[in-house]
Amino acid sequence: MPELPEVESLAEFLREHAVGRAIAGVDVVAFQALKTVDPPVTALGGLIVTGAGRYGKFLDLDCDGLHLIFHLARAGWLRWRDDLTGARPVRPGKGPLAVRVRLTPDDDGRAPGFELTEAGTQKRLAVYVTEDPASVPGVAALGPDPLSPSFTADTLKGIVGGSRMQIKGLLRDQKVIAGIGNAYSDEVLHVARMSPFKIASSLTDAQVADLYEAIITTLRDAVARSRGLAAKDLKTEKKSGLRVHGRTGQKCEVCGDTVREVSFADSSLQYCPTCQTGGKPLADRRLSRLLK
């Protein structure tokens with residue numbers, strides 16, 4: 001799933017490649033992806049792209065005040081096309097293509113644009129056309145953005161102080177902190193040397209400070225590594241920069257211990273026992289207890 005660093009990089013990519021161009025048309029292939037009907041998606045035609053931004057994991061294309069907002073969900077992606085003039089006509093129900101956004105041609109006749117695709121059978125990619133981004137329920141419910149200047153160590157202290165959630169789950173909760181998902185929560189906790197099952201309210205002031213620093217440095221470093229890359233290269237960059245997530249059975253780059261995994265029904269987490277749990281492997285599955 002694209003998380004804050006990848007979505008931020010996609011927003012930067014769109015600012016460089018789409019801003020200043022006019023929308024020639026938006027073709028919706030996967031009709032279940034479009035979550036709004038008023039304004040209609042056809043209202044975007046002819047409008048100039050004036051900005052591209054991010055709300056948590058949501059991308060926002062500002063078109064003269066009308067916003068095309070989309071969430072890529074677990075298996076979605078944005079694919080930039082330098083020229084869509086020869087693209088095949090869209091066919092609903094055929095392949096991973098969900099939405100195609102066509103921009104007006106350049107002087108040489110090439111018409112760039114991008115496609116939103118979604119692999120697999122669980123179709124959760126969501127697209128909205130709205131005059132107010134806050135009208136999108138997922139955007140309105142977002143917690144503070146960890147890369148915002150207003151997100152401080154005191155902000156995090158207030159968040160964890162009254163929560164009985166395990167810290168892994170808290171970091172992934174978009175209503176608590178926006179933008180962190182399964183992969184970067186693993187990475188943050190590894191940097192903070194903290195068990196994913198530790199109860200949030202049990203953190204000491206020193207541990208909150210360490211966690212805050214881990215959140216900021218991990219996300220900023222990931223954004224910096226991705227800056228300037230083409231959209232098609234972001235997935236590879238993300239994978240190459242991860243230290244524990246997705247690296248079960250490999251050596252921890254910090255201590256040399258073996259990276260372990262805890263599996264759940266629809267996801268898994270990875271961690272280093274030496275760095276995070278005092279050398280003790282976490283118990284199995286959802287019945288695991290916190291290792292302090």
Side-chain angles (χ1 to χ4, degrees), residues 1-7 56-57 71-76 119-120 122 124 143 146 156 159-160 163-203 207-208 210-222 225 234-292:
M1 175 185 290
E3 300 179 33
L4 185 156
E6 296 80 53
V7 177
K57 300 178 189 178
H71 190 289
L72 296 171
R74 175 172 291 187
Q122 294 185 358
R124 298 178 179 174
L156 182 61
I159 289 172
V160 303
S163 175
R164 294 296 300 169
M165 292 180 66
Q166 294 173 346
I167 194 64
K168 165 78 174 180
L170 182 142
L171 290 176
R172 292 185 61 186
D173 189 338
Q174 299 305 295
K175 296 179 181 180
V176 177
I177 301 175
I180 302 175
N182 195 32
Y184 286 106
S185 58
D186 282 350
E187 296 299 296
V188 164
L189 292 171
H190 181 249
V191 172
R193 305 181 71 86
M194 189 174 295
S195 167
F197 291 160
K198 190 169 184 63
I199 299 301
S201 60
S202 71
L203 268 61
Q207 288 172 328
V208 171
D210 289 344
L211 181 61
Y212 174 78
E213 185 65 22
I215 291 172
I216 301 304
T217 58
T218 299
L219 295 179
R220 285 181 177 171
D221 288 350
R225 290 196 307 270
L234 289 174
K235 288 184 180 181
T236 300
E237 165 53 39
K238 175 181 180 178
K239 185 176 181 180
S240 67
L242 298 175
R243 305 198 305 179
V244 289
H245 184 80
R247 296 187 178 275
T248 303
Q250 300 180 33
K251 285 186 177 181
C252 171
E253 297 177 0
V254 175
C255 70
D257 196 359
T258 301
V259 174
R260 305 290 186 94
E261 177 177 309
V262 176
S263 297
F264 302 96
D266 60 353
S267 66
S268 62
L269 64 84
Q270 286 80 44
Y271 69 100
C272 170
T274 294
C275 291
Q276 296 175 249
T277 60
K280 301 176 182 179
L282 292 172
D284 187 50
R285 292 186 176 272
R286 285 161 286 185
L287 296 180
S288 298
R289 301 296 296 174
L290 171 69
L291 292 181
K292 297 181 179 180

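All values below were derived from every heavy atom in this structure, side-chain atoms included, with hydrogens, water molecules and symmetry-related copies excluded.
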Tell me whether T218 contacts the main-chain N or O of I215 through its side chain, where contact means a donor paired with an acceptor under 3.5 Å. no
Inter-residue atom distance C255.SG - R193.CZ, 0.5 Å rounding: 7.0 Å
Donor-acceptor check, side chain of E6 to backbone of K235, threshold 3.5 angstrom: yes or no? no
Please report the shortest heavy-atom distance between R260 and P273, naming the atom on each side. CG-CG, 3.4 Å
Which atom of P2 lies closest to which atom of A73, heavy atoms considered: CD-O, 3.4 Å
Which pair of heavy atoms, one from K251 and one from G256, lies closest together, and at what distance? CG-O, 3.8 Å
Just wondering, are more than 12 heavy atoms of other shown residues or ligands nearer than 6.0 Å to CD in Q122? no
Should we say atom CZ of R225 is surrounded by more than 12 heavy atoms from elsewhere, each under 6.0 Å from it? yes
Polar side-chain atom of R247 near backbone of L242 as donor-acceptor pair, under 3.5 Å: yes
State which residue, out of Q270, E261, K239, fulfils the side-chain contact (heavy atoms from CB on, under 4.5 Å) condition with H245. Q270
What are the two closest non-hydrogen atoms of V7 and G56, and how far apart are they? CG1-O, 4.1 Å
Is there a side-chain contact between D210 and M194, using heavy atoms and a 4.5 Å cut-off? no
Side chains of I167 and L189: closer than 4.5 Å at any heavy-atom pair? yes
Stepwise side chain to side chain contact (heavy atoms under 4.5 Å, CB included) check, L219 with I180: CA-CA 9 Å; L219 295 179; I180 302 175; 4.1 Å; yes
Taking Y184's backbone N and O only, do any of them form a donor-acceptor pair with E3's side chain (distance below 3.5 Å, no angle check)? yes
Least distance between heavy atoms, P146 atom then A178 atom: CD-O, 2.9 Å
List the steps and the verdict of side chain to side chain contact (heavy atoms under 4.5 Å, CB included) for T258 and C252. CA-CA 6 Å; T258 301; C252 171; over 6 Å; no
Find out whether P196 and Q276 are in side-chain contact, i.e. whether some heavy atom of one side chain is under 4.5 Å from a heavy atom of the other. yes
Could you check whether any side-chain N or O of S201 sits under 3.5 Å from a backbone N or O of S163, counting only pairs where one atom can act as donor and the other as acceptor? yes
Is the backbone N or O of E237 less than 3.5 Å from a side-chain atom of S240, with the two atoms forming a donor-acceptor pair by type? yes
Report yes if some heavy atom in the side chain of S185 is under 4.5 Å from a heavy atom in the side chain of L170; otherwise report no. no
Can you list the residues that meet the salt bridge (Lys or Arg N to Asp or Glu O under 4.0 Å) rule with K168, with sequence neighbours excluded? D186
Given the rule in the side chain to side chain contact (heavy atoms under 4.5 Å, CB included) test, do Y271 and V262 qualify, once you have shown the distances and angles that lead to the verdict? CA-CA 8 Å; Y271 69 100; V262 176; 4.0 Å; yes
Candidates L211, I216, L203 - the one meeting side-chain contact (heavy atoms from CB on, under 4.5 Å) with L156: L211
In the structure I gave you, are the side-chain heavy atoms of L4 and K57 within less than 4.5 Å of one another anywhere? no
Main-chain N/O of L269 paired with N182 side-chain donor or acceptor, under 3.5 Å: no
Is there a donor-acceptor pair closer than 3.5 Å between any side-chain N or O of Q174 and the backbone N or O of R172? yes
Output the distance between atom CG (L171) and atom CE (M165), rounded to the nearest 0.5 Å. 9.0 Å
Shortest non-hydrogen pair, V259 vs V244, comes out as CG1-O, 3.6 Å
Looking at E253 and R243, is any side-chain nitrogen of the basic one under 4.0 Å from a carboxylate oxygen of the acidic one? no
